Structure formats: C-alpha cells, structure tokens
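Some notes on the structure that comes next.
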Amino acid sequence: MAHAGIFISFEGLDGCGKSTQIKKLAKVLRARGFSVTVTREPGGSAFGEKIRDLLLDSSAAGISANTELALMFAARAQHLHEIINPALAAGHIILCDRFTDSSEAYQGGGRRLGSSRVLALHHVLCNDLQPQLTILMDSDVGKCLERARRRNRLRLHKNGRADSDENRFEQESIEFFARVHSAYLRIAAREPERVALVDARGQAMDTHRKIVNLVENRLKLGSVKLQIVRRRAAR
Ligand code: TMP
C-alpha cells in the first residue's frame with residue numbers, strides 16, 4: 001500500500017541512547033519544515049501505554065514469553081490503527097522508538113521464541129508494514145545494560161513510587177541481552193536495504209551527525225525523494 005509519509009524506526013538495546021537521538025533528529029527535521037510524529041513501542045496510543053505499564057513493570061515477572069509477545073503485538077495493532085497509519089496518511093515523518101524488530105530481537109532472540117513466530121504475527125496483525133528506514137544503534141551489551149539500570153534507579157528515586165517501575169527487562173541477564181544483540185545483527189544482515197547499523201559507542205553528538213547523514217542520504221532515494229522535493233517546493 002502506498003503512503004504519503006515516511007516511517008523511520010529506531011532500534012537497539014536498552015540504554016543505547018535511542019530516545020536522545022530521536023529527540024535530536026525530530027528537532028532537525030522540524031526545523032526543516034517537516035511534520036514529525038514521535039512515538040514509541042510498546043505504547044504510543046493511550047491503550048498501548050496501559051499495555052506498556054503491564055509489560056514493563058517488574059511485578060509482571062511471571063508472564064510467559066508467549067503472553068509477552070501477544071501483548072507487544074496487541075499494543076502494536078492499536079498503535080498502527082490510532083497513530084502510525086493516520087500519521088502516514090497525513091504525510092508525516094514518523095520517528096518510532098522500536099517496532100517489530102524489537103519483538104524479533106527480544107521475544108524471538110532473547111526469549112528464544114524464534115523469528116518465524118514473530119514474523120507470522122507481524123503478517124497477520126500488521127499487514128507486513130515495515131519502516132522505510134530502521135536505524136539500529138549498535139553498542140556494547142554490558143555498557144548499555146549498565147546505563148539502562150542506572151537510568152531506572154534514578155527514575156525510581158525521583159518518582160519515589162513503586163508504580164513508576166519500568167524495570168522488568170533490565171533485570172534480565174547479560175546472556176539474554178547478548179541473544180537480543182545477536183538477533184538484531186541477524187536482522188540487519190538479512191535486510192541491509194532497510195536496516196542501517198549505526199555505531200552508537202561514541203559521543204551522542206557524533207552519533208547524531210551519523211544519523212542525520214544517513215537520513216539525508218536514504219531520503220534522497222526513490223519515491224521518498226519525490227515527497228521531500230514536493231514538500232520543499234511547497235514551502
Ligand atoms: P524502552 O521503551 O525503554 O526501550 O523499553 C521497552 C522495553 O520493551 C525494552 O526492554 C524492549 C522491550 N520490548 C520488547 O521486548 N519487545 C517489543 O516488541 C518491544 C516494542 C519492546
């Protein structure tokens with residue numbers, strides 16, 4: 001199905017710096033006159049955010065891998081319905097913090113459910129919609145985990161409430177995150193045209209420059225270029 005907008009997803013391990021980079025890119029794109037929708041998974045829609053709370057709270061420790069996968073896709077189906085598809089139809093650039101690659105990496109790889117189960121759900125519930133560009137922020141597993149855990153401790157300390165806990169995944173072992181990391185690299189090797197691997201080990205500003213270059217280069221391609229030319233001409 002043809003869309004007027006552009007769908008860009010960001011992927012990577014917890015603590016790799018995705019949200020900082022999404023904010024910086026959104027600022028650059030908005031300054032150039034684009035309408036930008038920033039959103040995230042699990043979540044994005046009001047109902048999806050409720051599912052997010054259930055999924056990320058560490059008190060949900062007993063849920064099965066299949067339940068986890070099903071809830072990720074329930075949130076995603078609502079996100080597509082309420083946010084992503086309308087924003088694409090309205091010609092927005094969507095910057096989405098995680099999409100189905102996260103399910104393939106975390107549930108398929110980390111939880112060992114395998115890719116085919118995830119991709120089958122993606123086919124049925126998401127009509128195989130894929131971002132035009134996925135920025136996979138690659139970093140060291142141990143460092144990312146350390147940063148993510150530190151961030152959650154600070155968040156908990158600041159809010160002082162057990163109900164603000166988004167800690168469940170960060171409690172997984174380093175082996176779990178190493179499997180997630182390997183699954184991500186397999187996706188990037190399988191789909192090099194969509195998935196761009198960005199080394200995110202350096203300073204945030206260096207990573208930002210790499211991402212801006214990448215987006216500029218990729219957006220010059222094919223039908224996406226025409227939309228940008230049109231939007232620029234309309235200014
Ligand atoms: P984040 O929004 O801070 O990245 O946290 C979301 C967490 O949810 C992160 O640990 C990855 C996990 N996740 C999955 O396991 N599967 C999914 O499909 C998605 C979207 C996220």
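Counting starts at 1 for both ligands and their atoms, following the listed order. These numbers come from a predicted model, not from an experiment.
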Which residue and atom name correspond to the protein heavy atom nearest [atom], and how close is it?
| atom | value |
| --- | --- |
| atom 13 (N) of ligand 1 | M72 CE, 3.5 Å |
| atom 15 (O) of ligand 1 | Q107 NE2, 2.8 Å |
| atom 4 (O) of ligand 1 | R98 NE, 2.7 Å |
| atom 3 (O) of ligand 1 | R52 NH2, 3.8 Å |
| atom 7 (C) of ligand 1 | L56 CD2, 3.7 Å |
| atom 18 (O) of ligand 1 | S103 OG, 2.5 Å |

Does NZ or CZ of R32 lie under 6.0 Å from the centre of the six-membered ring of F34, at an angle within 45° of the ring axis?
no
Taking only non-hydrogen atoms of E41 and a 4.0 Å limit, the atoms of ligand 1 in range are 20 (C)
Counting from 1 in the order shown, the ligand 1 atoms closer than 4.0 Å to a non-hydrogen atom of D14 are 9 (C), 10 (O)
Quick look: K18 vs ligand 1, heavy-atom contacts under 4.0 Å, and the answer is side chain
Worksheet item: Going by distance only, is there an N or O of E68 that falls short of 3.5 Å from an N or O of ligand 1?
Response: no
Applied to residues 110-155, the ring-ring contact (aromatic ring centres under 6.0 Å, His included) test, sequence neighbours excluded, yields F99-H122
Looking only at side chains, do T100 and S103 share a donor and an acceptor under 3.5 Å apart?
no
Closest heavy-atom pair, D101 versus Y184, reported as atoms and distance to 0.1 Å, is O-CE2, 4.0 Å
Here the pair of heavy atoms bringing S9 nearest to T134 is OG-OG1, 2.8 Å
State plainly whether one hydrophobic cluster holds both L95 and L136, where clusters connect Ile, Leu, Val, Met, Phe, Trp and Tyr through side-chain heavy atoms under 4.5 angstrom apart. no
query = Is there a path of hydrophobic side-chain contacts, each under 4.5 Å between heavy atoms of I, L, V, M, F, W or Y residues, that connects F47 with I84?
reply = no
